[in-house]
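Computed from a prediction, not measured in an experiment: that's the story for all the values here.
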Amino acid sequence: MELFNHRLRLHADPSRVVVRPFHIGWIANANGVSRSQRLISEVMDMSPQEARDQLDLVLKDFEARHWQTRRVFMTRYDEIAAAHDLDGSCISDEKRQLIGAYFCHEYSYAAAALMNPSAVPHPDQSGMEDGAQRIVMSLRAVGEGHISSVAFREGIITSENELKLAPEPPFATATDATGTDEEAPPSGPVTVYRHRDSTLSGTVIFPITDAQSKGLEDLRLVHFTHDDGTQEWLGTYTAYNGATIQSELLRTRDFRAFDLIPMTGSAARNKGIALFPRKVGGEYLSIGRQDGENLYLLRSDDLTHWDDGELILKPVFPWEFVQIGNCGPPIEIDEGWLLLTHGVGAMRKYSIGAALLDKDNPARIIGRTRSPILAAADQDREGYVPNVVYTCGAMKHGDKLFMPYGIADSSVGFAFVSIKELLAKM
């Protein structure tokens with residue numbers, strides 16, 4: 001089978017930094033004053049010249065490194081002012097910016113690794129030539145403290161196996177929630193917003209709740225069509241707090257506002273749920289791995305609640321003897337549901353394969369690949385976690401699959417796969 005590997009590679013980059021909100025936990029001093037209140041008071045007590053001098057020092061260090069730094073500081077000030085009932089009309093511009101700066105910090109979000117991408121059609125397909133399609137990719141970026149976040153890249157793919165990524169802006173911006181308690185992280189569902197002037201390729205979603213505090217891992221995006229014809233972009237991911245994991249659901253209709261919703265049910269305690277792109281037989285369906293070894297078909301009447309399902313795939317071939325899992329949402333083709341899988345073999349080497357599920361009854365397996373369609377080899381074996389190739393989602397493009405994939409948990413590569421040839425391998 002011919003697999004076209006594009007020459008482009010994306011790599012971890014410690015120079016990619018964002019200004020993030022700095023949320024100070026509620027710790028009162030002997031007078032019952034929180035740390036946030038004390039910081040505000042310290043700035044308010046400065047003389048006008050002292051505040052101006054301190055702001056100049058901050059801007060000297062950071063203004064050239066970040067996009068619209070002063071506006072970011074003022075936006076952060078507005079959030080702090082709302083939380084602490086500050087009257088901005090009585091506070092100088094310099095002090096407002098300085099207060100905002102004290103509640104921000106710089107974070108290198110992709111210093112350690114860039115990996116595990118997924119791809120979906122972009123909401124905006126205007127101006128596309130025949131055979132071309134605009135795409136959105138999500139990527140798992142790992143930065144300081146091994147904390148995972150979600151980054152995005154936009155691009156265009158063509159029928160000639162071309163990939164053109166939109167330029168990555170020099171300055172990235174973080175999403176943030178509004179109306180949350182500044183001195184306690186939110187819990188449960190939360191909505192985060194892309195900055196109104198930021199491109200999607202320059203946007204990063206960071207952990208915001210306690211359950212996500214150590215990472216948002218392995219987003220599996222899918223372009224979902226509801227029964228009434230409306231569309232949205234959904235994504236399942238793993239929230240990790242350093243001790244436990246929890247499956248959560250991302251929902252967006254415009255890639256500007258993102259709902260992050262904890263999922264419930266016995267299956268939600270595991271990683272790697274991948275949603276079908278529409279209901280089948282009146283039910284929401286997904287693929288999950290409930291026992292760490294096999295693949296199951298899950299059924300639900302609610303996108304956010306998933307219980308244990310029906311075993312459909314076990315490891316059969318040597319390259320997957322240790323365990324198998326999904327590599328993203330099933331892809332609808334004329335012949336059925338094309339499911340990319342990953343297998344783990346000797347020396348914990350990861351490879352990518354595929355299975356074909358019946359369109360009306362996805363619990364029925366029509367075929368599966370006996371050998372991998374992509375495996376770690378040569379230079380692709382070395383990296384943060386060696387001997388791994390992994391994708392969180394490919395997409396159909398004409399008669400091919402466009403498949404971005406992680407390499408050794410360190411970089412991202414891109415492949416175009418003939419669907420006809422892939423089916424012939426089953």
Which heavy atom of [X] sits nearest a heavy atom of [Y], and at what distance?
| X | Y | result |
| --- | --- | --- |
| G353 | W319 | CA-CH2, 3.7 Å |
| V150 | F152 | CG1-CZ, 3.8 Å |
| A394 | I331 | O-CD1, 3.6 Å |

Worksheet item: Residues two or more places apart in sequence or in another chain: which of them pass side chain to side chain donor-acceptor pair (under 3.5 Å) with D228?
Response: T230

Worksheet item: What residues form a side chain to side chain donor-acceptor pair (under 3.5 Å) with S89, not counting sequence neighbours?
Response: D87

Discussion item. Keeping D259 on the side-chain end and T191 on the backbone end, is there a donor-acceptor pair under 3.5 Å?
Written reply: no

Worksheet item: Taking the side chain from W233 and the backbone from P121, do they hold a donor-acceptor pair closer than 3.5 Å?
Response: yes

Could you pull out all residues at least two apart from [X] that satisfy salt bridge (charged side-chain N to carboxylate O under 4.0 Å, His left out)?
| X | value |
| --- | --- |
| E162 | none |
| K314 | none |
| E232 | R251 |
| R256 | none |

Discussion item. Could you check whether D302 and T304, counting side-chain N and O atoms only, form a donor-acceptor pair closer than 3.5 Å?
Written reply: yes

Residue list, side chain to side chain contact (heavy atoms under 4.5 Å, CB included) with [X], at least two apart or on another chain:
| X | value |
| --- | --- |
| L39 | I24, Y102, F103 |
| P315 | E293, N294, E320, I324 |
| D78 | none |
| S286 | I273, L275, L298, W306 |

Item to complete: Identify which one of L374, L340, V388, N116 satisfies the side-chain contact (heavy atoms from CB on, under 4.5 Å) criterion when paired with Y405.
Response: L374

Item to complete: Any pair with a residue in residues 393-404 that passes salt bridge (charged side-chain N to carboxylate O under 4.0 Å, His left out), sequence neighbours left out, goes on the list, sorted by first then second residue, please.
Response: none

Practice prompt. If a pair satisfies side chain to side chain donor-acceptor pair (under 3.5 Å) and one of its residues is in residues 119-129, list it, with sequence neighbours excluded.
Written response: H122-E154, D124-S126

